[in-house]
> 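Dumping the structure here so I can ask a few things about it.
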Amino acid sequence: MATIINEPSHTFNEYLLIPGYSSSQCVPANVSLRTPLVKYRRGEECPIIMNIPMVSAIMQSVSGDKLAVALATEGGVSFIYGSQSVEDEAAMVRRAKDYKAGFVTSDSNLSPDATLADVLALKERTGHSTVAVTEDGTAEGRLVGIVTSRDYRVSRMGPDTPVRSFMTPFEKLVWAKEGTSLREANDIIWEHKLNSLPLIDEAGRLCCFVFRKDYENHKQNPNELLDAHKRYVVGAGINTRDYETRVPALLEAGADVLCIDSSEGFSDWQKFTLAWIREKYGDSVKVGAGNVVDGKGFRFLADCGADFVKVGIGGGSICITRETKGIGRGQATALIEVCAERDKYFEETGVYVPVCSDGGIVYDHHITLALAMGADFVMLGRYFARFDESPTTKVNINGTYYKEYWGEGSARARNWQRYDLGGDKKLSFEEGVDSYVPYAGTLKDNVAMTLSKVRSTMCNCGALSIPELQEKAVLTLVSATSIVEGGAHDVIQKDTSAVIK
């Protein structure tokens with residue numbers, strides 16, 4: 001008969017942290033949330049360290065290039081979804097990498113024969129107000145002028161007004177030669193009070209732009225996660241079918257770290273994928289794997305060469321895997337067991353393989369619980385889907401704004417590769433739903449609030465870093481009655497939703 005585990009598996013909501021001694025140094029401003037993203041050996045420094053313990057899920061409704069930029073700005077990593085063509089995913093990675101290179105390839109280009117209507121349409125599509133005017137309308141053409149929002153007035157100009165009549169012509173531009181350093185370019189921008197500086201080659205062809213706002217953004221975002229070339233760190237999802245073509249394309253586009261997107265990772269398919277990557281690239285390519293829910297699954301993937309391991313099956317808010325297939329495990333129990341195996345593996349081999357908790361996060365404090373239980377970082381889907389930067393549509397339903405959110409196992413996503421069991425290339429039944437989540441505004445504001453709660457709770461536990469939290473944290477299981485007690489009860493709450501005028 002089957003092996004029976006008689007102890008029930010638990011979720012985050014069934015645990016609380018018991019406060020510990022807090023010294024006078026335990027204030028949120030002193031808390032560090034730096035955490036390793038990929039494996040490293042004892043005594044060595046981790047190749048990629050995040051400044052916050054948050055990554056975004058490999059989902060169509062969550063992780064596009066805009067969210068990748070926004071999350072890296074705050075210190076985390078987004079894994080751009082892989083359930084699209086290789087070319088489209090690589091293009092998303094490339095856009096995210098180019099966004100904060102200091103030297104930015106122009107994505108807003110027109111010819112002198114274009115019209116004001118073309119300028120407005122381009123601005124609507126890209127969101128950028130600086131348009132390069134080149135002879136052939138391409139990003140590599142000979143620069144003949146620039147158009148910004150200060151060069152036209154929609155109320156006084158017809159939509160068919162040609163660009164050449166209102167652009168700032170080349171002879172009036174301040175520009176620099178290709179090869180100018182970023183420091184020199186920023187000095188020119190400040191000296192001439194510019195918003196942007198075009199760099200051109202010897203033939204007058206546009207190479208790139210340097211923008212004032214990038215310098216200012218860098219000063220305003222000290223936690224931003226950058227690579228050695230001052231570009232944002234960007235992740236990308238892969239599957240166990242087309243990795244031989246997808247992986248090279250993503251690496252060429254600049255992806256810093258990859259992750260196998262699969263509902264269940266304890267399989268030969270992930271072993272084959274990891275083996276191919278290691279044979280072709282060695283350890284130079286960083287790739288995570290998963291998902292697993294026990295120590296055996298962790299050790300299997302660690303031995304296969306995974307750079308980090310994701311934990312969680314069926315705990316996502318849009319996942320119905322447990323309902324349709326009857327597999328999974330309570331997220332807290334799964335995480336505790338896997339992290340114990342991670343620590344054992346580290347003692348035996350000297351290799352530390354970070355653990356990512358994927359799913360089961362309902363409230364902000366669940367992030368702190370996951371970290372205390374041993375997770376190095378958490379992967380979030382619904383959380384990020386609510387923000388302006390997610391790639392979904394904002395809709396108004398009965399006066400309230402929502403954003404669309406669907407699972408990779410839903411009919412809408414058609415991501416059969418994520419649930420691949422080696423059979424036909426099809427999705428036989430759904431393991432995810434199509435839904436809405438309440439719109440929550442910008443990523444920056446929400447992440448700041450969430451992490452302020454995490455830091456505050458860590459101080460309550462007397463911890464100023466994630467490793468210290470894991471060492472000092474004391475967790476207690478709670479009863480169903482105490483869960484009710486933990487919220488507002490036995491009072492009539494005031495209605496604070498009404499606007500007071």
> Please assess T442 against F387 for the test side chain to side chain contact (heavy atoms under 4.5 Å, CB included), listing each intermediate value before the final yes or no.
CA-CA 5 Å; T442 66; F387 303 150; over 6 Å; no

> Between E224 and T73, is any side-chain donor less than 3.5 angstrom from a side-chain acceptor?
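No, T73 and E224 have no side-chain donor paired with an acceptor closer than 3.5 Å.
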
> Do D283 and R278 meet the salt-bridge criterion of a basic N to acidic O distance under 4.0 Å?
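Answer for the salt bridge query: yes.
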
> Side chains of T126 and S108: any donor to acceptor distance under 3.5 Å?
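Side-chain D/A pair, S108 to T126: present.
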
> If you compare all heavy atoms of V147 against all heavy atoms of V119, which two are closest, and at what distance to 0.1 Å?
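Closest pair (atom of V147, atom of V119, distance): CG1-CG1, 4.2 Å.
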
> Is a side-chain donor-acceptor pair under 3.5 Å present for E404 with S61?
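No.
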
> Out of K39, R342, E44, R41, which residue meets the side chain to side chain donor-acceptor pair (under 3.5 Å) rule with Y352?
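The residue from K39, R342, E44, R41 that satisfies side chain to side chain donor-acceptor pair (under 3.5 Å) with Y352 turns out to be R342.
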
> Locate the shortest heavy-atom distance separating S106 from A132; write the atom from each residue and the value.
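For S106 and A132, the tightest heavy-atom pair comes out as OG-CB, 4.0 Å.
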
> Classify the ring geometry between Y363 and H365 as parallel (under 30°), tilted (30 to 60°) or perpendicular (over 60°).
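Plane angle under 30°, so parallel.
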
> Going through the distances and angles, do V86 and L250 end up as a side chain to side chain contact (heavy atoms under 4.5 Å, CB included)?
CA-CA 8 Å; V86 172; L250 295 175; 5.9 Å; no

> Taking all atoms of both residues into account, what is the closest heavy-atom pair of C46 and V38, and its distance?
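Smallest interatomic distance, heavy atoms only, reads SG-O, 3.1 Å.
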
> Looking at D242, is its backbone amide N or carbonyl O close enough to the side chain of N239 to form a donor-acceptor pair, meaning the two atoms are under 3.5 Å apart?
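Present.
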
> Please verify the inter-ring angle class for F170 with W175; under 30° counts as parallel, over 60° as perpendicular, anything in between as tilted.
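F170 vs W175 ring planes: parallel.
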
> With no hydrogens and no angle check, do the side chains of T273 and Q270 hold a donor and an acceptor under 3.5 Å apart?
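Their side chains do not contain a donor-acceptor pair, so the 3.5 Å distance test is not met.
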
> Between D113 and R164, does any side-chain N to carboxylate O distance fall below 4.0 Å?
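A salt bridge links D113 with R164.
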
> What are the two closest heavy atoms between D136 and G141, and how far apart are they?
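Closest pair (atom of D136, atom of G141, distance): OD1-CA, 3.3 Å.
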
> Please determine whether a side-chain nitrogen of the Lys or Arg among K444 and D388 lies less than 4.0 Å from a carboxylate oxygen of the Asp or Glu.
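Judged by the 4.0 Å cut-off on N to carboxylate O distance, K444 and D388 do not form a salt bridge.
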
> Regarding S63 and S56, is there a side-chain donor-to-acceptor distance under 3.5 Å anywhere?
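Yes, side-chain donor-acceptor contact under 3.5 Å.
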
> Using modelled atom types only, decide if a donor and an acceptor are shared between the side chain of T368 and the backbone of T457 within a distance under 3.5 Å.
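Checking the backbone N and O of T457 against the side chain of T368, no donor-acceptor pair under 3.5 Å is found.
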
> Side chains of D358 and N291: do they bring a donor and an acceptor to under 3.5 Å?
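There is such a pair (donor and acceptor under 3.5 Å, judged by atom type) between the side chains of D358 and N291.
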
> Between E74 and L71, is there a donor-acceptor pair closer than 3.5 Å when you use the side chain of the first and the backbone of the second?
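No, the answer is negative, given that no donor and acceptor are paired below the 3.5 Å cut-off.
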
> Any Lys/Arg nitrogen of R94 or E252 sitting under 4.0 Å from an Asp/Glu carboxylate oxygen of the other?
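Looking at R94 and E252, the cut-off is met.
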
> Charged N to carboxylate O below 4.0 Å: is that the case for D201 and K177?
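Salt bridge absent between D201 and K177.
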
> Is the positively charged end of K403 above the ring of Y439, judged by distance under 6.0 angstrom from the centroid and angle within 45° of the axis?
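The answer is no, since K403 fails at least one limit relative to Y439.
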
> So, for R382 and R386, which heavy atoms are closest and what is the spacing to 0.1 Å?
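Residues R382 and R386, closest heavy atoms: O-CG, 3.3 Å.
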
> Is the Y243 to F272 ring centre distance short of 6.0 Å?
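No; F272 has its ring centre 6.0 Å or more from that of Y243.
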
> Do Q470 side-chain atoms and L371 backbone N/O form a donor-acceptor pair below 3.5 Å?
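Answer holds: yes.
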
> Please check: side-chain N/O of H366 versus main-chain N/O of V362, any donor-acceptor pairing under 3.5 Å?
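Side chain of H366 to backbone of V362, a donor-acceptor pair under 3.5 Å: yes, one is there.
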
> Taking K394 for the side chain and Y401 for the main chain, is one N or O donor matched with an acceptor at less than 3.5 Å?
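Between the backbone of Y401 and the side chain of K394 there is no qualifying donor-acceptor contact (under 3.5 Å).
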
> Between D364, I361, V62, which is the residue that forms a side chain to side chain contact (heavy atoms under 4.5 Å, CB included) with Y383?
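Only one of D364, I361, V62 forms a side chain to side chain contact (heavy atoms under 4.5 Å, CB included) with Y383, namely D364.
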
> Assess whether a salt bridge exists between R231 and D98, defined as any Lys/Arg side-chain N lying under 4.0 Å from an Asp/Glu carboxylate O.
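A salt bridge is absent here (no side-chain N lies under 4.0 Å from a carboxylate O).
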
> Apply side chain to side chain contact (heavy atoms under 4.5 Å, CB included) to residues L206 and N109 and explain how you reach the verdict.
CA-CA 10 Å; L206 178 65; N109 311 285; 4.2 Å; yes

> So how far is it from C208 SG to E178 CD, rounded to the nearest 0.5 Å?
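Answer for the SG-CD pair, C208 versus E178, is 7.5 Å.
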
> Hey, mind stepping through H128 and T130 against side chain to side chain contact (heavy atoms under 4.5 Å, CB included) and telling me if it holds?
CA-CA 6 Å; H128 301 152; T130 299; 5.8 Å; no

> Taking 4.0 angstrom as the limit, do R142 and E135 come out as a salt bridge?
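Salt bridge present between R142 and E135.
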
